[in-house]
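The next block holds one structure in the form of structure tokens; read it before the comments.
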Amino acid sequence: MASVTLKNISKVFSDPQSKKDVTAVDNVNLEIKDGEFMVLVGPSGCGKTTTMRMVAGLEEISGGEVLIGDRVVNEVPPRDRDIAMVFQNYALYPHMSVYDNIAFGLRLRMLPSLPQQLLNMGETNRIKADIDKRVRNAAETVGITQFLDRKPKALSGGQRQRVALGRAIVRDAQVFLMDEPLSNLDAKLRVQTRAELIKLHRRLGVTTIYVTHDQVEAMTMGQRIAVMKDGVLQQCDTPLNVYHYPVNKFVAGFLGLPPMNFVENATVSAKGENVYVDTSAFSLRMSPTKAEKLREYVGKQVTLGMRPQSLQDKFLATPEEIENGTVVRMHVDVIEPLGAVTTLFLNAEGINMVAEVEAETPAKENGPLDMVLDGGAAYVFDATTDLTIV
Ligand SMILES: Nc1ncnc2c1ncn2[C@@H]1O[C@H](COP(=O)(O)OP(=O)(O)OP(=O)(O)O)[C@@H](O)[C@H]1O
Ligand SMILES: [Mg+2]
């Protein structure tokens with residue numbers, strides 16, 4: 001196993017038609033530790049696949065260095081980088097059995113590298129036995145032993161996905177690169193395979209870079225997650241740190257379900273001890289710790305951010321929550337009961353907000369509802385830079 005280090009890596013594509021340069025990856029610095037499971041996440045087109053392809057050696061690097069362990073691999077061809085890949089379109093060989101699909105790469109690697117005529121039968125048989133052992137181990141790991149004789153077309157999508165994974169792990173590589181490997185699976189199978197991959201990583205401990213645009217996958221699988229936007233790395237930290245302490249409005253809005261509510265054109269004001277974020281519909285009293293840091297922004301324009309879980313139905317709130325929060329009367333536009341929780345689409349004098357409350361809410365569609373907004377859980381962003389203030 002090995003660490004993977006990206007030092008100021010960039011990728012510039014030139015568009016042959018417009019002759020304009022497209023910077024797909026912009027000066028990214030990232031260190032994936034030996035044995036770590038790192039998730040690269042971000043919206044479509046943010047440069048995730050391009051980053052992976054540069055690590056794999058499938059894309060020339062425009063600037064910067066990629067290191068695997070201590071070795072700079074910029075000029076090392078893909079097959080010598082000791083990397084195993086699973087991509088979204090994990091084409092299996094349709095005419096080969098599952099067994100042969102998994103063994104194919106190993107045979108290519110181990111058998112022809114020795115001059116055939118110099119090999120005696122004993123040597124060939126020893127290598128074949130070794131390949132057989134590895135294929136069976138890998139099949140066992142991903143749970144496809146009973147399908148080894150089948151052709152891919154006789155497998156379900158999830159089973160094929162596992163064959164592709166088996167083909168990658170059989171390699172005993174130093175690094176696994178996985179680019180949206182679960183995207184072809186249905187929701188249930190995705191959750192199941194996700195858990196299998198986590199278990200696999202715990203067992204094998206292979207350094208893994210995993211690309212997804214699915215935030216739940218990122219949060220649940222990554223030991224750390226790296227959030228990208230427009231080719232630029234925004235933040236890299238543990239999932240909970242990124243969730244609780246997003247560096248900017250983009251990261252704050254990207255992680256969390258339903259997404260964070262943003263109220264633009266708010267201003268900061270102070271009255272005595274208290275600091276408020278004033279919107280066109282309400283003034284949110286901030287908690288003392290947040291107030292402290294916000295004081296220098298008094299009079300300035302900011303964006304307020306509130307996760308749907310920080311808006312509570314007053315009817316369900318504790319006296320303490322009501323005391324510490326700010327009560328705002330809102331209009332209930334739509335109610336979506338999800339069973340365990342209920343999503344409310346609310347409106348306060350033209351400001352739309354989404355709240356996630358307990359299922360016991362007495363809220364009625366098209367009726368008024370008093371909500372308690374938690375000023376201790378609110379976020380405030382600089383209106384010009386979008387950086388998090390508190
Ligand atoms: N060969 C290419 N030539 C020109 N531009 C390219 C090329 N490959 C990718 N791009 C551009 O680089 C940017 C990043 O693409 P990339 O495939 O890395 O995104 P991504 O984050 O993997 O997105 P997705 O989630 O949709 O897979 C995009 O704007 C894309 O259009
Ligand atoms: Mg991609």
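It should be emphasised that the depicted structure is a prediction, and the values quoted were computed from it without experimental measurement. Counting starts at 1 for both ligands and their atoms, following the listed order.
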Original post:
Would the Phe381 and Phe262 ring centres measure less than 6.0 Å apart?
Top reply: yes
Subject >> Asp15/Lys20 salt bridge by N-O under 4.0 Å criterion >> reply: no
Original post:
Going by distance alone, is a donor N or O of one side chain under 3.5 Å from an acceptor N or O of the other, for Thr212 and Asp214?
Top reply: no
Subject >> N/O separation below 3.5 Å, Gly47 to ligand 1 >> reply: yes
**OP:** Confirm or rule out an N/O/S atom of Met52, from backbone or side chain, lying less than 2.8 Å from the Mg ion (ligand 2).
**Re:** no
**OP:** Kindly indicate whether atom 19 (O) of ligand 1 is approached by any protein heavy atom to under 4.0 angstrom.
**Re:** yes
Original post:
Does the distance from a Lys or Arg side-chain N to an Asp or Glu carboxylate O, for Glu123 and Arg126, drop under 4.0 Å?
Top reply: yes
Original post:
Starting from atom 12 (O) of ligand 1, which protein heavy atom do you reach first, and at what distance in Å?
Top reply: Ala24 CB, 3.2 Å
Original post:
Which residue owns the protein heavy atom closest to atom 22 (O) of ligand 1, what's the atom, and how far is it?
Top reply: Thr49 OG1, 2.7 Å
Original post:
Can you tell which of His213, Glu59, Lys48, Met228 gets a heavy atom nearest to atom 25 (O) of ligand 1?
Top reply: Lys48
Original post:
What residue and heavy atom of the protein are closest to atom 6 (C) of ligand 1, and at what distance?
Top reply: Phe13 CD1, 3.3 Å
**OP:** Go through the side-chain N and O atoms of Ser10 and Asn27 and say whether any donor and acceptor fall under 3.5 Å apart.
**Re:** no
**OP:** Look at the rings of His201 and Phe37 and say which category their plane angle falls in: under 30° parallel, 30 to 60° tilted, over 60° perpendicular.
**Re:** perpendicular
Subject >> Minimum-distance protein heavy atom relative to atom 29 (O) of ligand 1 >> reply: Gly45 O, 3.8 Å
Original post:
Do other residues, nucleotides or ligands put more than 12 heavy atoms under 6.0 Å from the CD atom of Glu323?
Top reply: no
Original post:
Can you tell me which residue and heavy atom of the protein come closest to atom 26 (O) of ligand 1, and the distance to 0.1 Å?
Top reply: Ser44 OG, 2.5 Å
**OP:** Distance to 0.1 Å, residue and atom name: give those for the protein heavy atom nearest to atom 15 (O) of ligand 1.
**Re:** Thr50 OG1, 3.7 Å
**OP:** Indicate yes or no: does an N/O atom of Cys46 lie under 3.5 Å from an N/O atom of ligand 1?
**Re:** yes
Original post:
Is a side-chain donor-acceptor pair under 3.5 Å present for Asp374 with Gln312?
Top reply: no
